[in-house]
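Notes to accompany the following structure.
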Amino acid sequence: MPEGPRASPGGEGEETEGGKKHGWAEKAAKRQKEKGQERKGEETKKKKREGGKVRHEKPPRFESLKEEPEVEKTEEGERRGGGKGVKEEEGGEPESGGDGGIKEEREGSGLGKSESVESDEKVKVENGLEDEKDTKTKAKGAKPAKRRKAKEENAREEKSKKASEKLEKEGPAQKRKTTEEGDKKKSKKTKTGENEKEKKKKEEEDKWKWWEEEKTEDKVKWKQLEHKGPYFAPLYEPLPDNVKFYYDGKSPMKLSLATEEIATFYAKMLDHEYTTKEIFQNNFFRDWKEEMTEKEQEIIQSLDKCDFKEIHKYFVDKNEARKALPKEEKQKLKEETDKIQEEYGYCILDGHREKIGNFKTEPPGLFRGRGNHPKMGMLKKRIMPEDVIINCSKDSQIPVPPEGHKWKEVRCDNTVTWLASWTENIQNSLKYIMLNPSSKLKGEKDWQKYEVARRLKGVVDKIRSQYRGDWKSREMKTRQRAVALYFIDKLALRAGNEKEEGETADTVGCCSLRVEHIKLYPELDGQEHMVEFDFLGKDSIRYYNKVPVEKPVFKNLKLFMQNKDPGDDLFDRLSTGSLNSYLQDLMPGLSAKVFRTYNASITLQEQLKALTNPEDNVAAKLLAYNRANRAVAVLCNHQRATPKTFEKSMQALQAKIDAKNQQLEEAQAELKRAKADHKAKKDVKSKEAVEKKKKLLEKIKEQLEKLNVQVTDKEENKQIALGTSKLNYLDPRISVAWCKKFGVPIEKIYNKTQREKFAWAIDMADEDFEF
DNA sequence: GAGCAGGACTCAGAAAATTCGCC
DNA sequence: AGGCGAATTTTCTGAGTCCTGCT
C-alpha cells in the first residue's frame with residue numbers, strides 16, 4: 001500500500017517501523033491535551049440544514065450500475081453464500097499459514113487490474129465474487145483442513161447426539177434448573193474445593209462448540225427457544241413515615257404513592273450533575289406534575305421550592321447500611337441474586353443452555369441521556385408484563401407472566417434473536433432482551449463480522465485507488481462520496497446517519513459532518529493541507545484531530561464548503577444509505593462500519609508485529625500488546641476521563657518502586673554475605689543459604705521490572721479506554737495467535753468474560769493466523 | 001422505485017459490584 | 001487476618017449502524 005491512506009489518527013505518515021514505538025502514545029497524549037475533557041457547547045445550530053439532504057439527484061453513473069438486475073440478483077445469492085463461505089472457511093482456518101499466502105496472492109492480482117475508474121466498479125463486483133470463490137477453493141484445496149474437517153464432523157455429530165440425549169433426559173428447562181440448584185446447595189455444605197473442580201468439569205462439558213457445526217440457513221436464527229421471560233424490576237416500596245418531603249419550607253407534605261415514587265427518582269440523583277441542568281429539571285418537573293394528583297399539582301408549582309434532602313439522605317444511608325451489612329447477610333443477598341440469575345438468566349436455544357445478556361426489565365427512573373440531550377430528566381415508565389412481547393418457540397413452555405398479569409403478545413418468530421421486547425416511552429423505540437456475547441447467536445455474528453473485514457483486506461487497495469480517482473469526478477455527489485470514504489478509511493470515522501433534530505443530542509459522524517466541524521489550513525504546524533476536525537461523535541465524545549490530507553481532498557473540501565453556512569451539511573449530496581449501497585456493490589457485505597473494523601484489526605496486527613520482541617519477558621510483551629491495543633483505541637477515539645485517583649496511585653506505585661529498589665540492594669548485600677560465609681565454612685548448609693539468597697535476588701529483580709513496566713503502561717494509558725476496541729473491533733484471533741506465538745497465557749490479555757465471548761477464536765486460531 | 005420509518009442489532013462509557021493487594 | 005482503598009470486572013442502558021418492508 002504505497003500511498004493508500006494510513007489508518008493513523010495523527011496522519012503523520014507511516015507508523016509501522018518498530019522505531020517509532022511511542023508514536024501512538026505521544027499523539028494520543030497530544031490530542032488528549034488539546035481536546036480537554038469538557039464537551040463542546042452547541043449553541044450554533046443548523047438553521048438551514050434543509051438545504052442539503054433533499055437534493056438527491058441521481059447521477060447517471062449510479063443508475064448504470066443498477067441497470068442490470070441480473071447481476072444484482074446473483075450478487076444477492078452470492079452474499080447469502082457468503083454467509084456459508086464463512087463457514088467453509090472454518091475448515092481452512094487452522095492452517096491459516098497457507099491462508100495468508102493465498103491472501104497475498106489474491107491481493108496482488110487484485111491490484112494489477114484496476115486502472116480506469118469507469119470500468120472499475122464492475123471489476124470490483126467481479127472481484128467480490130472471485131473472492132468468495134477463492135475462499136471456497138482454498139478450503140477445499142488444503143489437505144490438513146480437510147482432515148480436520150472430517151474430524152470435526154465426527155465430533156459434531158457426537159456432540160449433537162449428546163445434546164439431544166441430554167435434552168431428552170433432562171426435559172424442560174425448569175426441571176433441569178431445580179436439579180442444578182440442588183447441586184449447588186450441596187456444594188455449599190461440603191468441601192468447596194472438590195465441588196468447584198467438579199463444577200468446572202461439568203461446565204467444560206457443557207460448552208457448546210457451535211463453531212464446529214455446520215452453519216444453518218441465514219434467515220432462521222433458531223429452531224428451539226425456551227425461556228422464562230424477563231425478570232421484572234421490584235415494585236416501589238413507600239418511604240417510611242419519618243422520611244419527609246417539604247414544599248416551600250413549610251411543614252412536611254405527604255405525597256401520593258405515585259408522586260412520591262417519582263420524587264425519589266430525583267432525590268436519589270441529587271448529588272449528580274444532571275440535577276443542576278435546566279433541561280433536566282424542566283423535563284423532570286413537567287413529567288412529575290403529570291403524575292401528581294390535582295391537589296398536589298395545585299400546591300407544587302416550582303421545583304426550586306421542593307426539598308428532597310431528607311429523601312436523599314434516606315437513600316444514602318440505606319446504601320451505606322447495605323454496604324456495612326455483616327458477612328452472612330451479604331452472603332444471603334448474593335445467594336438470592338444468584339438464584340434469580342439461575343432461574344431467569346438462561347434460556348434453551350436449539351438444545352443448549354445459553355446465557356442471556358440482560359434478563360431484567362429496565363427499572364423506572366429518570367432518563368439520563370448523554371451529552372446535551374433534550375430529553376434528559378424525563379420520566380422513564382415502569383415496564384409491565386402488558387408492555388412485553390415474548391418470543392419463543394411454539395412447542396416450548398411459554399413463560400408465565402407474573403400473577404394477575406398477561407403478556408402483550410406471545411409470538412414465535414425465529415428470524416430474530418430476541419427473547420422479549422417492549423417499547424420504551426422516551427424515544428418510543430424498542431428494547432430487547434437478547435443473549436450474552438458468549439452465546440452462539442452473538443458469537444457467530446461476531447465471527448462473521450471479522451470475516452467480512454478480512455475480505456475487505458483483499459479489495460481495499462482497489463477501493464482506495466477508486467476513491468482517489470473519484471476525487472476528480474465531474475459528479476459532485478461522487479466527489480463527496482469519495483472524500484467521505486477517504487475520511488472513513490483514514491480516520492476510522494463512523495458513517496454518520498441522519499438524526500431527527502431535537503430528539504437527541506446533536507452529534508455527528510462522517511456523512512453528517514457540517515461545515516462548522518472542520519477548518520482548513522493551507523499550512524499548519526509546518527505541514528501542508530491540514531484539516532482540523534472538531535465535533536461531537538457518538539455519546540457526545542469530542543473528536544478533535546488535525547490531519548494533513550492530500551491536495552485534491554483539500555481542494556474538494558474547499559469546494560464543498562463554498563457558499564455554505566456553518567450549520568450546513570458538508571456532504572450535502574451524500575447519505576449513509578447511498579454510501580452503503582455503493583459499498584455493497586464493491587464488495588458484498590461491505591458497509592461503512594467495516595472500515596472501522598478492518599482498520600482497527602489490521603492496525604493491531606501491524607503494531608503487534610512491530611512492537612513485540614520475542615526475547616522479552618511476558619511483562620514486556622504485555623506492554624507491547626497494550627501499546628498495540630492503545631494504537632487502535634486512539635484510532636477509534638475511544639477515550640476515558642483520567643481517573644480521579646490517577647496522580648495518587650501513580651505516586652503510590654513510584655513509592656513501591658523505591659522500596660523495591662532498596663530491597664534489591666539489601667538482597668544483594670545479603671547474597672554477598674552468604675557467599676562469604678560459604679567460602680569460609682564450605683558446608684552444605686551455607687551453600688543452601690547462598691542458593692536461597694540468589695533466588696530471592698532474582699525474584700526481586702523480576703518484581704522490580706514488572707513494576708517499571710506497570711508505570712510506563714499506566715502513564716500511557718491515562719486517558720485511553722482499551723476495552724471497547726478489544727471487545728468490538730479487534731479480531732480476537734489476532735490476539736490468540738499472538739499469545740500462542742509468543743508464549744503469553746491467554747488469561748493475561750482476556751479476562752474470564754472476554755474468554756467466554758471469544759471462545760470460538762481461542763479454540764480455532766493457531767499461531768499462524770493472519771488477519 | 002424511492003424514500004422513509006421502524007426494527008434489529010452492534011457498540012459505548014458510566015456506574016455499580018466485586019476482587020485485589022496492601023498494611 | 002481483616003479491613004480498606006484501588007483496580008478490575010460486570011452491569012446497565014443509551015446511542016449508533018444498517019437493512020427491510022411499506023407506502
Side-chain angles (χ1 to χ4, degrees), chain A residues 53-54 56 58 63 66 69 219 221 233 272-274 319 322-324 327 330 333-334 337 341 345 357-363 365 367-371 373 375-376 380 389 391 413 415-418 421 423-424 426-432 434-437 441-442 445-446 449 494-500 503-505 507-512 536-541 575-581 583-584 589-594 596-597 636-641 643-646 648-650 652-653 655-656 659 710 714 721-725 727-729 750-754 756:
Chain A
K53 295 286 167 196
V54 203
H56 277 317
K58 198 172 42 163
E63 198 142 57
K66 292 250 164 186
K219 283 262 170 180
K221 304 288 165 51
H272 200 291
E273 203 197 330
Y274 272 118
N319 235 332
R322 196 173 45 93
K323 272 182 206 154
K327 249 210 239 150
K330 272 187 185 166
L333 284 175
K334 189 160 182 286
T337 58
Q341 162 80 38
N358 56 324
F359 59 89
K360 293 173 178 168
T361 63
E362 293 172 16
F367 178 77
R368 302 148 90 117
R370 306 195 186 221
H373 197 117
K375 297 193 172 183
M376 65 168 86
K380 239 177 77 163
I389 302 172
N391 192 30
D413 181 355
T415 67
V416 296
T417 67
W418 50 269
S421 73
T423 302
E424 149 272 358
I426 304 287
Q427 319 267 11
N428 214 260
S429 67
L430 285 156
K431 295 263 189 180
Y432 302 95
M434 288 188 190
L435 293 182
N436 186 276
L441 246 28
K442 295 287 186 192
K445 201 79 188 294
D446 209 35
K449 172 179 80 185
R494 295 186 187 83
N497 284 314
E498 271 182 275
K499 319 181 13 174
E500 228 175 307
E503 294 290 302
T504 59
T507 63
V508 298
C510 187
C511 293
S512 50
L536 297 180
K538 183 178 181 179
D539 288 333
S540 294
I541 297 293
S575 72
T576 51
S578 66
L579 176 63
N580 278 338
S581 77
L583 291 173
Q584 171 72 323
L590 187 60
S591 66
K593 85 201 248 305
V594 179
R596 235 165 117 82
T597 311
C636 294
N637 201 37
H638 292 142
Q639 307 181 354
R640 62 167 188 181
K644 282 179 199 109
T645 53
F646 183 83
K648 206 176 150 195
S649 70
M650 205 61 177
L653 201 55
K656 246 163 125 184
Q710 245 181 51
K714 194 169 186 150
L722 300 184
T724 306
S725 52
L727 231 47
N728 301 303
Y729 287 103
Y750 289 141
N751 67 31
K752 186 167 149 275
T753 320
Q754 292 165 163
E756 275 166 15

| said: Of the listed nucleotides (dA12(B), dA15(C), dT13(C)), which one gets closest to any side-chain atom of T724(A)? | reply: dA12(B)
| task | Verify the contact: side-chain N or O of H638(A) to OP1 or OP2 of dA12(B), cut-off strictly under 4.0 Å; return yes or no. | result | yes
What protein N or O atoms touch nucleotides 5-10 of chain B N or O atoms at under 3.5 angstrom, if any, and at what distances?
residue, atom, partner, partner atom, Å
dA8(B), OP2, Y432(A), OH, 2.7
dA8(B), O5', Y432(A), OH, 3.4
dC9(B), OP1, K221(A), NZ, 3.3
dC9(B), OP2, T417(A), N, 3.0
dC9(B), OP2, T417(A), OG1, 2.9
dC9(B), O5', T417(A), OG1, 3.3
dT10(B), OP2, K442(A), NZ, 2.4

| query | What is the nucleic acid contact for A592(A), judged by heavy atoms within less than 4.0 Å: base, sugar-phosphate only, or nothing? | reply | sugar-phosphate
| said: Categorize P437(A) for me: base, sugar-phosphate, or nothing, with a 4.0 angstrom heavy-atom threshold over every strand shown. | reply: nothing
| remark: Residues passing the side-chain hydrogen bond (donor to acceptor under 3.5 Å, both in side chains) test with N497(A), sequence neighbours excluded, are T576(A)
| said: On the nucleotide dC11(B), are OP1 or OP2 found under 4.0 Å from the side-chain N or O atoms that R596(A) carries? | reply: no
| query | Can a side chain N or O of N358(A) be found less than 4.0 Å away from OP1 or OP2 on dC12(C)? | reply | no
| task | Give one of base, sugar-phosphate or nothing for N751(A), where a contact means two heavy atoms less than 4.0 Å apart. | result | sugar-phosphate
| task | Just call it for G537(A): base, sugar-phosphate, or nothing, with non-hydrogen atoms closer than 4.0 Å on any strand. | result | sugar-phosphate
| request: Establish, with yes or no, whether the OP1 or OP2 oxygen of dT11(C) is under 4.0 angstrom from a side-chain nitrogen or oxygen of K360(A). | output: no
| said: Is S591(A) close enough to dC18(C) that one of its side-chain N or O atoms is under 4.0 Å from OP1 or OP2 there? | reply: yes
| Separation of atom OH in Y729(A) from atom P in dG16(C), rounded to whole Å | 12 Å
| query | Hey, does the side chain of N497(A) come within less than 4.0 Å of dT17(C)'s phosphate (OP1/OP2), counting only N and O? | reply | yes
| field | Polar pair under 3.5 Å, donor/acceptor by atom type, side chain R370(A), base dG13(B) | value | yes
Between the protein and nucleotides 21-23 of chain B, which nitrogen or oxygen pairs come in under 3.5 angstrom?
residue, atom, partner, partner atom, Å
dC22(B), OP1, K656(A), NZ, 3.1

| Does Q584(A) place a side-chain N or O at less than 4.0 Å from the phosphate oxygens OP1/OP2 of dC18(C)? | no
| message | If you compare every side-chain N and O of R322(A) against the phosphate oxygens of dA17(B) (OP1, OP2), does one of them come in below 4.0 Å? | response | yes
| remark: Assert: residue with more 5' nearest nucleotide on DNA chain C, out of P363(A) and Q754(A), is Q754(A)
